[in-house]
Amino acid sequence: MSDGREETAETDGANGSDDRPRPSDVGSSDGPPIEDKPYKIIFEANRCFGAGKCAEVSDNWEMDLQTGLARANSYFIGENDLEDNVRAAEVCPAKKDQGCIHVIDRRTDEEIAPNPHGDGTLSVDW
């Protein structure tokens with residue numbers, strides 16, 4: 001994560017822990033200003049199994065031929081890139097169709113997609 005691009009969530013199996021980080025604190029802290037890129041992608045790379053659905057629906061996602069897993073070109077996005085990244089999160093079949101791509105509104109710390117709980121809480125498996 002030293003290049004500031006990758007926003008990969010680490011999981012420690014501590015489900016239900018009260019000390020979960022805020023979504024905006026996960027990954028790189030040197031992102032662009034919120035005014036420029038108000039959305040952030042958190043990617044659970046350890047849950048990805050390379051189905052490629054994200055790359056089919058979003059230009060921001062591609063399959064890494066070396067690892068066989070998905071990779072985002074940018075982990076901070078603006079309004080223009082929101083719709084296709086939300087779609088990528090929604091079509092991801094990992095985690096029994098709850099997905100391993102999470103689109104977060106950095107202004108509110110709410111998960112926009114996939115939002116399986118329906119309440120905006122982050123659905124990362126810590």
Side-chain angles (χ1 to χ4, degrees):
M1 286 199 275
S2 61
D3 68 355
R5 286 180 18 128
E6 190 166 340
E7 294 295 317
T8 303
E10 297 291 327
T11 60
D12 63 8
N15 291 331
S17 175
D18 290 333
D19 59 345
R20 292 182 186 187
R22 295 178 335 157
S24 58
D25 293 336
V26 174
S28 171
S29 61
D30 62 348
I34 290 176
E35 299 79 32
D36 296 340
K37 304 282 184 169
Y39 305 101
K40 178 179 192 173
I41 295 170
I42 298 175
F43 177 53
E44 293 179 273
N46 60 329
R47 303 285 186 200
C48 178
F49 54 81
K53 299 287 186 185
C54 55
E56 289 178 17
V57 299
S58 174
D59 290 338
N60 189 41
W61 288 88
E62 60 186 43
M63 295 304 296
D64 185 322
L65 297 178
Q66 291 181 337
T67 65
L69 303 177
R71 182 179 66 199
N73 293 311
S74 177
Y75 289 90
F76 293 94
I77 59 173
E79 295 291 338
N80 293 341
D81 299 315
L82 179 61
E83 186 176 335
D84 69 327
N85 281 282
V86 165
R87 182 78 180 124
E90 291 174 344
V91 301
C92 178
K95 291 173 41 181
K96 299 182 181 176
D97 291 330
Q98 289 189 12
C100 62
I101 298 169
H102 308 273
V103 181
I104 307 301
D105 187 325
R106 296 169 64 199
R107 299 164 293 196
T108 63
D109 268 341
E110 291 182 332
E111 181 173 274
I112 297 169
N115 195 15
H117 306 298
D119 62 2
T121 59
L122 186 60
S123 61
V124 171
D125 289 337
W126 299 107

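The structure displayed is predicted, hence computed values, not measured ones.
Residues Cys48 and Ala70 approach most closely at SG-N, 3.5 Å, considering heavy atoms. Minimum interatomic distance between Ala113 and Val86 (heavy atoms only, all atoms of both residues): CB-CG1, 3.8 Å. Closest approach of His102 to Pro114, counting heavy atoms only: ND1-CD, 3.7 Å. Here the shortest heavy-atom pairing between Pro38 and Glu35 reads CD-O, 4.4 Å.
From Glu110, atom CD reaches atom CD1 of Ile104 across 9.5 Å, with rounding to the nearest 0.5 Å. Glu44 CD to Cys92 SG: the interatomic distance, rounded to the nearest 0.5 Å, is 9.0 Å. The line from NE2 of His117 to CG of Asn115 is 8.0 Å long, rounded to the nearest 0.5 Å. Taken from SG in Cys100 to CG in Asn46, the straight-line distance is 8.5 Å, to the nearest 0.5 Å. The distance from the OH atom of Tyr39 to the CD1 atom of Ile112 is 5.0 Å, given to the nearest 0.5 Å. Atom CD1 of Ile101 and atom CD1 of Ile42 lie 12.5 Å apart (nearest 0.5 Å).
Glu90 pairs by the side-chain hydrogen bond (donor to acceptor under 3.5 Å, both in side chains) definition with nothing, not counting sequence neighbours. Looking at residues two or more places apart in sequence or on another chain, you find a side-chain hydrogen bond (donor to acceptor under 3.5 Å, both in side chains) between Asp105 and Arg107.
With no hydrogens or angles considered, no side-chain donor-acceptor pair links Ser58 and Asn60 at under 3.5 Å. Side-chain polar atoms of Ser123 and Glu111 form a donor-acceptor pair below 3.5 angstrom. For Trp61 and Asp84, the side-chain atoms include no donor-acceptor pair closer than 3.5 Å.
Other residues, nucleotides and ligands place more than 12 heavy atoms under 6.0 Å from the CD atom of Glu79. Around atom CG of Asp64, more than 12 heavy atoms belonging to other residues, nucleotides or ligands sit under 6.0 Å away. In the displayed structure, Glu62 atom CD is contacted under 6.0 Å by more than 12 heavy atoms of other residues, nucleotides or ligands. Enclosure of atom CG in Asp119 by more than 12 non-hydrogen atoms of other residues, nucleotides or ligands within 6.0 angstrom is indicated.
There is no path of hydrophobic side-chain contacts, each under 4.5 Å, that joins Val57 to Val103. Val91 and Phe43 fall into different hydrophobic clusters, where Ile, Leu, Val, Met, Phe, Trp and Tyr are joined by side-chain heavy atoms under 4.5 Å apart, directly or via other members. If you chain together hydrophobic residues whose side chains sit under 4.5 Å apart, Tyr75 and Leu82 fall into the same group.
Put simply, the side chain of Arg106 gets close to the backbone of Lys37: a donor and an acceptor are under 3.5 Å apart.
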